[in-house]
Amino acid sequence: MPPLPLTWHWQPFGAAALLLEVHGPEQEANRAVLALAAQLSAAPPLGMLAAVPAISSLLITFDPLVATHEQLQAQIEPLCATFGPAPAAPLRIHELPVAYGGTDGPDLVAVAQALGMTPQAVITLHSGQLYRVMMLGFAPGFPYLGPLPAALHLPRRATPRSAVPPGAVAIAAGLTGIYPTSLPGGWHLIGRTPSILFDPHADPPARLAPGDGVRFLVARRGIREN
Amino acid sequence: MHIHVISPGLLTTIQDSGRPAARRYGVPPSGAMDMFALAVANRLIGNPSDAAALELTAGGALLEFLRPTLVALTGADLGATLNGRHLAPWQAALLDRGTTLHFRGRQANWGARAYLALAGGIAAPTLLGSRSTYLAGGFGGLEGRALRPGDQLATYASPHSRWPWVGTEWPCHARPLYGHTPTLRFLPGPHYAALTPAAREALSQTTLRVGAAANRIGYRLDGLRLSFSQQLSLPSFGVIAGAIQVPPDGTPILLMAEAQTIGGYPVVAIVIAPDLPLAAQILPGDQLRLAPTTMRAARAAHQRYAAWLATAPQADPWPEQLALAGALG
């Protein structure tokens with residue numbers, strides 16, 4: 001395998017954490033971060049408490065009475081060189097039904113206008129991809145899915161909504177996401193899924209895990225909450 | 001049932017040491033804002049230091065005890081009275097059935113949160129490894145919400161006798177340096193260097209005021225507009241309590257126990273964990289200062305904090321003397 005064009009950038013994040021940023025192509029960087037996070041969780045170095053992956057970085061928290069930044073870096077850095085990124089083809093693929101447009105996707109028409117496309121073309125393009133869960137964050141179980149086709153790239157809404165309904169499927173900033181619960185949000189809402197993505201009583205509580213694949217299936221309009 | 005909530009005051013929630021392992025699901029850790037006070041309240045009555053307790057904010061709460069209960073109160077002095085008599089914080093006390101415990105509000109010139117631990121720990125379901133209330137997420141603690149008038153709380157059975165603990169006290173020298181206008185020590189964050197030189201200087205020389213919207217998620221620190229010498233466009237990254245992030249308006253935000261797990265704003269500083277109990281004792285309108293520290297000093301502060309926590313509670317001499325008197329008589 002040819003060497004990957006990724007560089008790893010280490011810095012302290014306070015006295016009890018390390019921020020490890022990966023520079024390089026976003027998809028490869030993300031897959032490398034997720035692979036390292038999985039490896040560290042399976043066999044944590046002495047003193048490590050948690051490794052929280054973002055899209056292209058990993059925040060490693062540790063007990064500063066047990067380990068130092070230097071010791072952890074010395075243990076983890078060799079790992080980065082010994083494995084490739086997680087497979088591009090996800091092991092698990094979730095198929096989520098989505099009702100696009102109308103009251104389920106109140107921004108679909110405006111999004112289509114802003115992109116110079118028809119609403120149907122937006123639906124076809126958005127639902128025609130296999131996305132990867134690049135990270136969970138912002139709120140419990142909120143998945144950041146990518147890559148989003150370049151033709152669908154839009155900045156966030158100028159004015160965020162104070163409440164976005166659960167299941168809202170949204171796009172912004174080169175990604176697509178799903179609001180698991182009612183939350184404030186600044187992404188463009190193009191559809192809605194009835195799938196439950198987060199349940200604190202379940203194990204694991206989040207239905208999607210970083211690295212999983214997601215495909216949106218176009219459903220009839222008018223999906224409602226149960 | 002052990003406690004009947006007559007009034008919860010401004011905000012009372014069930015908290016333990018939080019759910020840090022759930023960060024990977026995007027779940028904020030939650031847990032006590034003042035982890036030191038929580039741990040000590042539990043230790044004073046022989047609980048595991050991460051047992052669930054009540055976090056009472058600012059005062060106003062009125063609780064009735066339905067059974068004799070061994071309790072310990074730590075953190076801020078919120079003017080606790082037992083049937084009208086002062087109840088000293090940082091010690092264990094056995095409350096009689098029918099006792100009412102009232103929190104009148106801040107007594108000294110500092111203090112925001114008091115912790116009331118009950119022998120056995122407050123009973124609540126464990127969700128994602130913790131009994132802590134996560135207010136924004138609506139789960140944990142009691143139905144994921146703040147306590148309301150009429151709520152009743154139970155405790156787990158305590159495995160040991162409560163008598164040896166009555167009157168035990170936590171020594172003053174083994175507590176964080178709580179006080180008015182605390183100084184929080186920080187290490188430079190990943191984006192500290194991108195601040196303008198003037199902003200870097202101002203960060204440690206300005207007395208900051210905690211904004212009105214301060215809550216368990218974080219505090220806006222008014223009094224300073226920080227600007228950067230270069231435009232930063234950042235991918236999101238993991239954040240923790242203590243991180244000071246700077247949104248586009250330049251007003252820094254100190255992240256606290258319920259902060260989201262991932263942030264996208266520049267992080268200019270990280271308040272060291274041993275100083276977060278001081279931050280937890282701040283109410284909107286209170287002031288604080290930030291002081292740069294070094295990694296070496298931060299590690300020493302972590303060690304001192306651990307040594308404080310490892311202190312043995314001091315036994316109250318009175319029961320011993322009474323026993324002695326009884327033996328002599």
Side-chain angles (χ1 to χ4, degrees), chain A residues 9 11-23 26 29-30 37 41 49-61 63-65 68-70 134-144 173 175 180-184 197-210, chain B residues 19-29 125 127-130 134 136-140 144 185-193 234-244 260-264 267 269-275 293-303 305-307:
Chain A
H9 182 64
Q11 57 189 320
F13 197 89
L18 260 172
L19 180 63
L20 174 54
E21 291 172 298
V22 187
H23 301 286
E26 187 178 67
N30 180 243
S41 301
L49 298 176
V52 178
I55 286 179
S56 58
S57 66
L58 195 58
L59 186 72
I60 300 163
T61 56
D63 181 346
L65 300 183
T68 64
H69 298 84
E70 294 77 12
M134 299 179 71
M135 82 174 174
L136 297 179
F138 171 58
F142 186 105
Y144 289 71
L175 294 165
T181 50
S182 180
L183 291 161
L197 294 189
F198 183 80
D199 174 5
H201 300 273
D203 182 23
R207 175 159 171 200
L208 309 180
Chain B
R19 45 180 73 85
R23 304 176 71 88
R24 63 200 180 100
Y25 303 119
V27 177
L127 282 180
L128 309 178
S130 164
Y134 169 30
F139 64 85
R185 291 164 289 180
F186 72 87
L187 288 163
H191 312 109
Y192 180 76
L234 301 173
S236 300
F237 51 90
V239 290
I240 48 177
I244 296 181
Q260 65 187 59
T261 57
I262 303 274
V267 169
I270 294 130
V271 172
I272 63 171
D275 284 354
T293 190
T294 62
M295 193 61 80
R296 177 193 285 263
R299 288 199 183 114
H302 275 271
Q303 280 165 356
Y305 181 95

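Reminder, nothing fancy here: chain letters follow the sequence lines and each chain counts from 1.
In this structure, Leu59(A) and Val239(B) approach most closely via the heavy-atom pair CD2-N, 3.9 Å. Contact record, Ile262(B) with Ala54(A): CD1-CB, 4.0 Å, taken as the closest heavy-atom pair. Minimum interatomic distance between Pro64(A) and His302(B) (heavy atoms only, all atoms of both residues): CG-ND1, 3.3 Å. Heavy-atom minimum distance, Gly14(A) versus Leu187(B): C-CD1, 3.6 Å. Minimum interatomic distance between Leu128(B) and Pro205(A) (heavy atoms only, all atoms of both residues): CD2-CG, 3.4 Å. When all heavy atoms of Leu136(A) and Arg24(B) are compared, the closest pair comes out as CD1-O, 3.8 Å.
Under the rule for a side chain to side chain donor-acceptor pair (under 3.5 Å), His191(B) has no partner lying at least two apart in sequence or in another chain. Shown here are the side-chain contact (heavy atoms from CB on, under 4.5 Å) partners of Glu26(A), two or more places apart in sequence or in another chain: Ile55(A), Met134(A).
Heavy-atom pairs under 4.5 Å with chain A were tallied for Ile272(B), Val27(B), Thr293(B); the largest tally goes to Val27(B). Contact count versus chain B (heavy atoms, under 4.5 Å) is highest, among Ala139(A), Ser56(A), Ala50(A), for Ala139(A).
Residue Ala243(B) touches chain A through its side chain alone, counting heavy-atom pairs closer than 4.5 Å. Within the 4.5 angstrom heavy-atom criterion, only side-chain atoms of Ala17(A), from C-beta onward, approach chain B. For a residue to count as touching a neighbouring chain, one of its non-hydrogen atoms must lie under 4.5 Å from one of that chain's; by this rule Val271(B) does not touch chain A. Only the side chain of Pro235(B) comes within contact range of chain A, with at least one heavy atom under 4.5 Å from a heavy atom of that chain. The parts of Phe237(B) that come within reach of chain A are both its backbone and its side chain, each placing non-hydrogen atoms under 4.5 angstrom from that chain. Proximity to chain B (any heavy atom under 4.5 Å) is shown, for Tyr144(A), by neither the backbone nor the side chain. Only the side chain of Pro28(B) comes within contact range of chain A, judged by heavy atoms closer than 4.5 Å.
Residues Phe13(A) and Pro190(B) meet the side-chain proximity criterion, which asks for heavy atoms closer than 4.5 Å. In this structure, Pro20(B) and Leu49(A) have side chains that are not in contact, with every pair of non-hydrogen atoms separated by 4.5 Å or more. Considering only heavy atoms from C-beta on, Ser57(A) stays 4.5 Å or farther from Ser236(B) through its side chain. Residues Tyr134(B) and Pro200(A) have side chains not in contact (no heavy-atom distance under 4.5 Å, counting atoms from C-beta outward).
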Practice item. Mind running side-chain contact (heavy atoms from CB on, under 4.5 Å) on Thr68(A) and Met295(B) for me, showing each step along the way? Key: CA-CA 10 Å; Thr68(A) 64; Met295(B) 193 61 80; over 6 Å; no
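Once rounded to the nearest 0.5 Å, the distance linking OH of Tyr25(B) with CG of Leu197(A) reads 14.5 Å. Note: Met135(A) CE to Thr261(B) OG1 = 8.0 Å, rounded to the nearest 0.5 Å.
Heavy-atom neighbours of Arg207(A) CZ from other residues, nucleotides or ligands within 6.0 Å: above the threshold of 12.
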